[in-house]
Amino acid sequence: MKSEITDVSEKPALRKLQLFKRQFSGFLFAIPFLVVFTMFFIYPFFSGIVQSFQNKKGEFVWFQNYYNILFNQDFTYAEDFSRGLKNTLIFVVFSVPLLIVIPLFIAILLDIKPAGYKVFRALLFMPTVFSISAVILMWKRVLEVETGFINGVLKALNLEQINFLGSQPWAWISLLVVTVWWTMGTNIVILGAGLKNIDKAVYEAASIDGASYIRTVFSVTLPLMGGQIFVVLIMTLLASFNVYGQPRMLTSGGPNHSTEVVLMVITENLFDRPYVAAAMALMLGAIMIVISLGQAAIARRRSSD
């Protein structure tokens with residue numbers, strides 16, 4: 001009798017031990033990720049916050065760096081930050097609508113399933129797998145003044161050559177064309193997936209009611225794709241605020257700093273003046289968070305209405 005009681009009393013303890021082993025083994029598998037996440041995200045993030053409150057000597061000056069960047073016109077790097085932020089906003093204002101409207105238009109065309117649509121879909125998505133270095137090297141061969149393909153054609157036709165990368169507005173146009181060509185494939189895939197989720201019966205009902213195809217797109221397709229369009233908008237907005245590789249490698253911020261975006265200003269100050277770069281980076285992050293939260297609030301309000 002005593003042995004039976006002992007066996008019964010030990011069962012809950014064994015279950016707890018087995019449960020602990022399963023949980024601990026799961027934690028062991030997560031340790032490599034936690035180590036990498038801490039080293040490359042948590043530590044740099046908090047280290048950047050601390051540095052943004054320090055000066056060159058490592059002394060705490062609290063919000064002095066932020067004040068100098070935003071309001072002190074005598075501060076050497078205040079003008080650089082304001083110019084970089086203005087150029088970034090210019091890029092965002094023009095690139096985001098293009099990266100939503102063009103992929104949406106293409107996704108709608110591909111949804112009709114024209115001849116060879118699978119080939120077109122693959123070709124349109126292909127640039128997204130290229131590295132930024134490969135993309136820029138290819139487009140420089142197209143856009144350069146002396147050896148570029150377009151200027152070679154213009155020269156053969158006895159037309160005036162265009163300095164695409166060294167004059168405005170051509171530098172901005174070049175950046176936008178390269179960015180749209182390189183990144184729109186992802187948006188096409190997301191929006192195309194949203195189109196496939198729309199019930200075909202809705203289109204049949206609209207056709208019975210006599211709605212034209214264009215009317216169906218604006219009255220049926222776009223309202224039912226609100227969620228996918230919002231996701232694409234947030235992703236594109238954040239990516240456009242983080243633009244760096246295209247202006248860095250294609251125009252080097254020129255001509256006359258007119259395409260020098262805020263991330264270029266931050267990286268230029270990163271090693272010599274990390275306290276300034278940290279404050280700039282945190283302000284850029286705060287701007288992105290505020291804009292994203294504002295868009296999320298607008299989306300929730302529209303969905304509730």
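Note that the structure is predicted; figures quoted are calculated from it, not measured.
- Side-chain heavy atoms closer than 4.5 Å link hydrophobic residues (I, L, V, M, F, W, Y) into clusters, and following such links, possibly through other members, connects Met288 to Ile49.
- Between the Asp199 side chain and the Val202 main chain, no donor and acceptor come within less than 3.5 Å of each other.
- Judged as a salt bridge (Lys or Arg N to Asp or Glu O under 4.0 Å), the pairs with a partner in residues 251-262 (not counting sequence neighbours) are, in order, Arg83-Glu260.
- Side chain of Asn269 to backbone of Arg273: no donor-acceptor contact under 3.5 angstrom is found.
- Between the side chains of Thr179 and Ser95, no donor-acceptor pair is found at a separation under 3.5 Å.
- Looking at heavy atoms from C-beta onward, Val232 lies out of side-chain contact with Pro103 at the 4.5 angstrom threshold.
- Using a distance-only test at 3.5 Å, with no hydrogens or angles considered, no donor-acceptor pair links the side chain of Ser240 to the main chain of Leu237.
- Within the 4.5 Å cutoff, the side chain of Gln246 has heavy atoms near those of the Trp182 side chain.
- Contact record, Val145 with Ile162: CG2-O, 4.1 Å, taken as the closest heavy-atom pair.
- Between the side chain of Thr128 and the main chain of Phe125, a donor-acceptor pair closer than 3.5 Å is present.
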task: Start with the C-alpha distance between Leu238 and Ile291, add both sets of side-chain angles, then the distance that settles side chain to side chain contact (heavy atoms under 4.5 Å, CB included), and finish with yes or no.
output: CA-CA 9 Å; Leu238 296 178; Ile291 293 176; over 6 Å; no
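- Grouping the Ile, Leu, Val, Met, Phe, Trp and Tyr side chains by contacts below 4.5 angstrom, directly or via other members, places Tyr43 apart from Phe45.
- Between Val180 and Leu98, the shortest heavy-atom contact is CG2-CB, 4.0 Å.
- Side-chain contact of Tyr203 with Thr216: a donor-acceptor pair under 3.5 Å is absent, judged by distance alone.
- Phe230 is not connected to Val290 by any chain of hydrophobic side-chain contacts under 4.5 Å among Ile, Leu, Val, Met, Phe, Trp and Tyr, and they are in different clusters.
- Heavy atoms only, all atoms of each residue included: Asp111 and Leu195 are closest at CB-CD1, 3.9 Å.
- Distance alone, capped at 3.5 Å, places no donor-acceptor pair between the Lys86 side chain and the Phe81 backbone.
- Taking the six-membered ring where tryptophan is involved, the planes of Phe164 and Trp170 are perpendicular, since the angle between them exceeds 60° and thus also 30°.
- Leu104 CG to Leu99 CG: the interatomic distance, rounded to the nearest 0.5 Å, is 12.5 Å.
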Tyr213 vs Ile112, test: side chain to side chain contact (heavy atoms under 4.5 Å, CB included). Steps then yes/no. CA-CA 11 Å; Tyr213 181 77; Ile112 304 174; 3.5 Å; yes
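- No more than 12 heavy atoms of other residues, nucleotides or ligands lie within 6.0 Å of CD in Glu79, so this atom counts as exposed by the packing criterion.
- The number of heavy-atom neighbours closer than 6.0 Å to CD1 of Ile31, taken from other residues, nucleotides and ligands shown, is above 12.
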Walk me through it: do Tyr66 and Ser52 pass the test side chain to side chain donor-acceptor pair (under 3.5 Å)? CA-CA 8 Å; Tyr66 295 93; Ser52 70; 2.8 Å; yes
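- Summarising the geometry of Pro255 relative to Leu165, their closest heavy-atom pair is CD-O, 4.5 Å, with the distance given to 0.1 Å.
- Heavy-atom contacts from other residues, nucleotides or ligands closer than 6.0 Å to NZ of Lys200 number more than 12.
- Under 3.5 Å, the side chains of Thr251 and Thr259 contain a donor-acceptor pair of N or O atoms.
- Under the side chain to side chain donor-acceptor pair (under 3.5 Å) criterion, Asn65 pairs with no residue at all, not counting sequence neighbours.
- For the pair Val220 and Arg215, the minimum side-chain heavy-atom distance is 4.5 Å or more.
- Here the straight-line distance linking atom OG1 of Thr88 with atom CG of Leu263 works out to 6.5 Å at 0.5 Å rounding.
- The ring of Phe63 has its center no closer than 6.0 angstrom to the ring center of Tyr67.
- In this structure, Phe91 and Leu176 have side chains that are in contact, with non-hydrogen atoms separated by less than 4.5 Å.
- A heavy-atom distance below 4.5 Å is found between the side chains of Leu124 and Leu110.
- Separation of atoms CD1 (Ile287) and OG (Ser292) is listed at 11.5 Å; rounding is to 0.5 Å.
- In this structure, CZ in Phe149 is found 12.5 Å from CE in Met138, a value given to the nearest 0.5 Å.
- Phe241 has its side chain within reach of Leu89: a pair of non-hydrogen atoms, C-beta onward, lies under 4.5 Å apart.
- Sorted by first then second residue, the side chain to side chain donor-acceptor pair (under 3.5 Å) pairs that include residues 150-162, not counting sequence neighbours, number zero.
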task = Decide yes or no on side chain to side chain contact (heavy atoms under 4.5 Å, CB included) for Asn55 and Gln64, but give the supporting numbers first.
result = CA-CA 9 Å; Asn55 60 12; Gln64 188 64 42; over 6 Å; no
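- Rounding to the nearest 0.5 angstrom, the gap separating the CD atom in Glu59 from the OH atom in Tyr275 is 11.5 Å.
- Between Ile190 and Met235, the closest side-chain pair of non-hydrogen atoms falls below 4.5 Å.
- Between Trp181 and Phe130, the ring-plane angle classifies as tilted under the 30° and 60° cut-offs.
- A distance of 10.5 Å separates CE of Met280 from CG of Leu85, quoted to the nearest 0.5 Å.
- For Thr147, the side chain to side chain donor-acceptor pair (under 3.5 Å) test picks out Glu144, with sequence neighbours left out.
- Heavy atoms only, all atoms of each residue included: Asn163 and Gly166 are closest at OD1-N, 3.0 Å.
- When the ring-ring contact (aromatic ring centres under 6.0 Å, His included) test is applied to Phe40, no partner is found at least two apart in sequence or on another chain.
- Residues Asn87 and Ser258 have side chains that never bring a donor and an acceptor to within less than 3.5 angstrom of each other.
- Linking Ile, Leu, Val, Met, Phe, Trp and Tyr residues whenever their side-chain heavy atoms come within less than 4.5 Å places Ile198 and Ile214 in a single cluster.
- In plain terms, the two heavy atoms of Met264 and Pro247 that are nearest each other are SD-CB, 3.9 Å.
- Residues satisfying the ring-ring contact (aromatic ring centres under 6.0 Å, His included) test with Phe46, not counting sequence neighbours, are none.
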Residue pair Ile136, Arg248: steps toward the side chain to side chain contact (heavy atoms under 4.5 Å, CB included) verdict:
CA-CA 10 Å; Ile136 296 303; Arg248 172 78 276 177; over 6 Å; no
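- Side-chain atoms of Trp172 and Ile90, non-hydrogen and from C-beta on, do get closer than 4.5 Å to each other.
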